[in-house]
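Worksheet: one structure, shown below.
First listed ligand is number 1; within each ligand, the first listed atom is number 1.
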Amino acid sequence: MGTLIKGGRVVSAAETKAADVLIEGETIARVAPAIDAATHTVVDAAGTLVLPGGIDVHTHLDMPFGGTTTVIDFALQSMGKPMTEAYRTWRAKSEGKACVDYALHMAVTDLGPGDTWLDDVDAMMAEGITSFKIFMAYPNVLMVNDRTIYKLMERTAKLGALVCVHAENGTVIDAIVQEALAAGHTGPLYHALTRPTVAEAEAVHRVFALSELAGRANTYIVHVSCEEAMREVEAARRRGLPAMGETCTQYLVLSLEDDMGKPGFEDAKYVFTPPLREKKNQEPLWEALKGDVLQVVSTDHCPFRFADQKTLGLHDFTKIPNGGPGIENRMQLAYHHGVNAGRVTLERFVEVTAEAPARIFGMYPKKGVLAAGSDADILIWDPEADYTIRAATQSMHTDYSIFEGFRVKGNVRQVYSRGECIVSGGKFTGRAGRGQYLRRGLGEVLA
Ligand code: URP
Ligand code: ZN
Ligand code: ZN
């Protein structure tokens, strides 16, 4: 006896069709029209869309929610310590806590004496970590130099692994930040004003040059925030490089004009990196998603609290923890501002929120598609649901929302994770610790 999701329209990146979905155990047994109810438990999905569970490939997280059934978080290598130690630390951190399946990227900060920790790349691959993150920003904390990027890329190019890059010229940004502080500009708005778009675009350009020098390493630019940076991804793809990228919900729906310049210290809620950009960047980013210049929408979810964490930077914007919460709202916002607004098709919405992430990060077809044999990670999506985003009613462990008051049409009604209904009627019915660590294979380059 299984669970039969009956009467909905099943969506993939390729098509939308009327079909039933039969779940047996943790996986999908069949997707077909009019499956006989027999002895199955029937879930009435009439009037809904049945979608593959969302995959958020860029989180720094505590607690996942909102139609996302898989996350890829970052294990962060400490300078002076090998990657293997970071891997053990991050696996231990998630033990007993993960509500949905999760994987890890390895954030590389140090290649070790004589570059010996480059061999950790191979060790990480054996543990199912096939993507490696580097930061070109945050000097003295996370930033790596071009030599490190080049050496890492040489190794990953040989192995077919992926390098994910936070692309901003950290050294120059640091100089601009010091100039702003010296001039007495200490408020949160200056976080945005000291990180110009050209500093992002220059770094993106450099990444692809280094990839080429290192033997055409597969590269994925995280959180592309502006048109100039996106055009560099476009140019690299045109040159035939294995270049891909994501943008995040905040860059698609928030802007410098609308969301910064609020009274008091409110702007600190929007201090993330890259910062909010001028509104004119939004439509080109949507176009880039539509036209496959960018392949993924993620969140860069960082669940800081306003009351006791963001306020650390009350008198100096450089001390405000960088990042904002958003994992819960990714599917809602991408659907409403993408599909309802006619900017992307329903199928492309599924592609950028589930299928492409699964393909690029080596989880397809276990994740990212509703097909026989795939994990039963399924969203029953009500396209008519009317929902207003409010911090007071959200499930994320934060005391504010960067999307406060945003009204969306379309929301998740039920969420299945490996066959178990874990969200129903807006309530989490799963259990912390049920999420499994995913050993990923090599991903695809979506050319
Ligand atoms: O502001 C952000 N994005 N914080 C998280 C770290 C990063 O840069 O992704
Ligand atoms: Zn980043
Ligand atoms: Zn991030």
Side-chain angles (χ1 to χ4, degrees), residues 55-62 64 68 71-78 86 90 102-109 131-144 149 162-170 173-174 177 188-195 197 199-201 203-204 206-207 219-226 229-230 233 244-252 254 256 259-260 267-277 294 296-306 309-310 312-313 317-327 330 357 361 396 398 400 402:
I55 302 176
D56 192 341
V57 300
H58 189 159
T59 64
H60 307 264
L61 90 40
D62 190 2
T68 286
V71 296
I72 313 185
D73 215 78
F74 293 90
L76 192 55
Q77 183 197 13
S78 304
W90 253 262
Y102 70 99
L104 294 170
H105 309 278
M106 176 57 62
V108 178
T109 57
S131 47
F132 297 83
K133 165 92 175 280
I134 44 148
F135 293 89
M136 297 169 87
Y138 311 130
N140 306 317
V141 190
L142 296 167
M143 190 175 105
V144 293
I149 300 173
L162 184 65
V163 175
C164 303
V165 188
H166 174 135
E168 279 186 306
N169 187 321
I173 286 172
D174 198 40
V177 164
L189 177 62
Y190 278 84
H191 171 78
L193 300 184
T194 53
R195 310 186 85 90
T197 51
E200 184 179 346
V204 175
R206 194 161 18 115
V207 168
T219 351
Y220 175 94
I221 309 295
V222 301
H223 50 45
V224 174
S225 71
C226 59
M230 177 272 284
V233 181
M244 297 174 283
E246 67 177 26
T247 189
C248 308
T249 5
Q250 55 272 29
Y251 305 116
L252 292 166
L254 304 179
L256 194 61
D259 301 288
M260 297 297 277
D267 284 357
K269 294 178 178 172
Y270 304 88
V271 166
F272 30 75
T273 307
L276 283 182
R277 302 301 193 186
L294 300 177
V296 172
V297 175
S298 69
T299 60
D300 198 4
H301 172 80
C302 293
F304 292 120
R305 288 181 303 275
F306 185 70
Q309 293 182 308
K310 288 285 183 179
L312 293 170
F317 70 87
T318 64
K319 299 198 164 52
I320 301 170
N322 282 204
I327 192 170
R330 181 181 70 120
F361 291 95
M396 294 184 292
T398 57
Y400 74 101
I402 55 176

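With 3.5 Å as the limit, one finds no donor-acceptor pair spanning the side chains of H223 and E246. Side-chain contact check for S298 and D56: no donor-acceptor pair (N or O, by modelled atom type) lies under 3.5 Å.
If you check which protein heavy atom lies closest to atom 4 (N) of ligand 1, you get N322 O, 3.0 Å. Closest to atom 3 (N) of ligand 1 among all protein heavy atoms lies D300 OD2, 2.6 Å.
Every atom of ligand 1 with a heavy atom of T273 under 4.0 Å away is listed here by number and element: 1 (O), 2 (C), 3 (N), 8 (O). Distances below 4.0 Å separate heavy atoms of C302 from the following atoms of ligand 1: 4 (N), 5 (C). Each of the atoms 8 (O), 9 (O) of ligand 1 lies under 4.0 Å from some heavy atom of H223. Close approach to F272 involves these atoms of ligand 1, each under 4.0 Å from a residue heavy atom: 1 (O).
Checked by atom type and distance alone, the side chain of H191 pairs as donor or acceptor with a backbone atom of F272 at under 3.5 Å. Side chain of T109 to backbone of Q77: a donor-acceptor contact under 3.5 angstrom is found. In this structure, H105 contributes its side chain and V57 its backbone to a donor-acceptor pair below 3.5 Å. Side-chain atoms of W90 come within 3.5 Å of backbone atoms of F74 as a donor-acceptor pair (strictly under, hydrogens ignored). Put simply, the side chain of H166 never gets that close to the backbone of F135: no donor and acceptor are under 3.5 Å apart. When atom types are taken as modelled, the side chain of E168 and the backbone of A203 share no donor-acceptor pair closer than 3.5 angstrom.
Take the N/O/S atoms of D300: the one nearest the Zn ion (ligand 3) is OD1. When the Zn ion (ligand 2) is compared with the N/O/S atoms of H166, atom ND1 turns out nearest.
Taking any N or O of V271, backbone or side chain, none lies under 3.5 Å from an N or O belonging to ligand 1.
At least one N/O/S atom of H58, whether from backbone or side chain, sits less than 2.8 Å from the Zn ion (ligand 3). For a distance bound of 2.8 Å, the N, O or S atoms of H60 include one lying that close to the Zn ion (ligand 3).
For Y138, the closest heavy-atom approach to ligand 1 falls below 4.0 Å.
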